[in-house]
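Notes to accompany the following structure.
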Amino acid sequence: MSSSLSQRLYKRIERFIVPVLLLAGWETFSRSGILPPALLPAPSQVMLAWADWIFTTDGNTQSYSGRWLSDIAASSGRVFAGFLIATVLGVGIGMSIGWSRQVEALIEPTLQTLRPIPPVSWIPLAIIWFGIADKPAIFLVFMGSFFPVLLSTIHGVKTCDRNLLRAGAMTGGTPAKLLRHIVFPAALPSIFSGLRIAIGSAWMLTVTAEMVAVKSGVGYVLWDSYYFLRYDIVIASMVSIGLLGFLSDYAIKYIAGRVLRWQRGSTLQAKEG
Amino acid sequence: MALITIDNVSRVFEDSQRKQVVTALDNVSIQVKRNEFLCLLGPSGCGKSTLLNMIAGFDKPSSGTVTVGGQVITEPGADRGVVFQQANLMPWLPVWENVAFHLKMRGASKAERREKAQRYIEMVGLKGFENHFPSELSGGMNQRVGIARALLMNPEVILMDEPFGALDEQTKMDMHGELIRIWRESQSTIVFVTHGIDESLALGTHVAVMSARPGRIRELLPIELERPRDPTSAAFNDYKRHILSLLRPETVKESA
């Protein structure tokens, strides 16, 4: 047996081993009858429900049949909007706080007091302010992703090498130019790790908001099918959310890999991208 | 007419934690003419880097003035190119962008920056490495990028703070040869901080020997040696002996 061949084969299947084992175990357990099948639907049953939710195969998901794309589009739209606002404001305000002691003294204490408040505790206010629609969800996503972006931006700016700023001043850079051409790029690695934490919170809060304050999206489907005891759809929703979260994180990682190309080969972190 | 005039400059650091006052520079006066290559030579803590930083505008004298080209220095500026001890390149920019960083600060177009960078990249012998990132280059190559970045600004003065301190002996000697060639080609004026006697004698038209605590100029030596300088020659070693005699008793006396 050629070891290099088996090694190559192993490399190929490496990342699928654990998921496949989990699914097989789950399927076996569900079919064993230890639990009533309705409480833990087997993966095969989840797949049937999911397929109908996506493609309208046999109509088993009834009113959701064939609506998967519009459901994930609704959720993704909210994530994207809230995340975008959080990124713009988080990076902008974070840069000002990191750069200027005056701005820091003015607004950082306030922000640090707001930060420990769990984003979900804003739900009542979000509903009375924005009603039942996209806006409260976007607001919650913003609340959840703003602080990770803010803190990582501040950290990135504050850890910028002073000597690079000296070099910049030596080449005749004004403070505004130094901020844009030295401090910002120097903070980017830190900003990107903040974005990756933020996108996780963003999905968490979209789903939460959809459970209570919105009548569409994957989170709404999840909670609604719970009322109808359709745990297969509940699980299909959970997996959909996991998948979308994974894809959006992958997208950020991919962009980070392109933007932070210069780190390749010089840091351990760069290898994973 | 001197290009750089350092007039009765003192620099006092207040150490608030230990409630001490440290005099880094005590009443230093020195003049550098256009096209000279001045080496500031002295032990650690003699204030040679402090003096250089004041010419660069990173630091201000407690008393006295530093003038370059008739202008009193108050802040860093592109008329004085600095080559740092660590190259201090922007790690996210490729070599050519680092070399042309001054033009970026002035808002020049990408095409102009790329074109102007090329001449200096070739001058420091980095043709073929234009698109490499600093992390992909050796320490000596990064210092060349730093030198090219300073040269591109076409500054009145180039200030170098132990730029070859981290390099091995062989690379250092190569860089000395290159630096002398560049100094002649670009007709620039250089102030070069070092603690190496051999290095100062290999490079300078003048060597200012400094003493520590408080930092003072012991003697300003014009170096009349032919180039390329031979560190094994008798004349070279005469200078060396003289500098050693300046450095040795001083340290004993000062610490007593």
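Side-chain atoms are counted along with the backbone in the values below, which use heavy atoms only and exclude waters and symmetry mates. Chain letters run A, B, ... following the sequence lines, proteins first and then strands; every chain starts at 1.
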Side chain to side chain, [X] and [Y], heavy atoms closer than 4.5 Å:
X      : Y      : answer
A:I182 : B:F101 : yes
B:P91  : A:L164 : yes
A:L178 : B:M105 : yes
A:R261 : B:W92  : no

For [X], look at atom [atom1] and say whether over 12 heavy atoms of other residues, nucleotides or ligands are found less than 6.0 Å away.
X      : atom1 : answer
A:F80  : CZ    : no
B:Q71  : CD    : no
B:K172 : NZ    : yes
B:E115 : CD    : no
A:Q102 : CD    : no
B:F133 : CZ    : yes

**Prompt:** Of B:K104, B:R106, B:M153, which is the lone residue that meets side-chain contact (heavy atoms from CB on, under 4.5 Å) with A:T171?
**Reply:**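 Answer to the side-chain contact (heavy atoms from CB on, under 4.5 Å) test with A:T171 among B:K104, B:R106, B:M153: B:M153.
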**Request:** Any chance you could lay out the side-chain contact (heavy atoms from CB on, under 4.5 Å) test for B:N88 and A:R162, step after step, and finish with the verdict?
**Result:** CA-CA 10 Å; B:N88 287 343; A:R162 194 173 283 274; over 6 Å; no
**Request:** Examine whether an atom of B:N98 lies under 4.5 Å from a heavy atom of chain A, and if so say whether it belongs to the side chain, the backbone or both; otherwise answer neither.
**Result:**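 Neither part; nothing is under 4.5 Å.
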**Item:** Region of B:L152 that comes under 4.5 Å of a non-hydrogen atom in chain A
**Value:** neither
**Request:** Quick one: pull up CE in A:M170 and CG in B:D79 and give me the separation to the nearest 0.5 Å.
**Result:**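 Result: 11.5 Å between the selected atoms.
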**Asked** Which residue pairs pass the side-chain hydrogen bond (donor to acceptor under 3.5 Å, both in side chains) test with at least one member in residues 175-194 of chain A, sequence neighbours excluded?
**Response** none
**Message:** Just so I understand: if I count every heavy-atom pair under 4.5 Å between each of B:R80, B:R149, B:H132 and chain A, which residue has the most?
**Reply:** B:R149
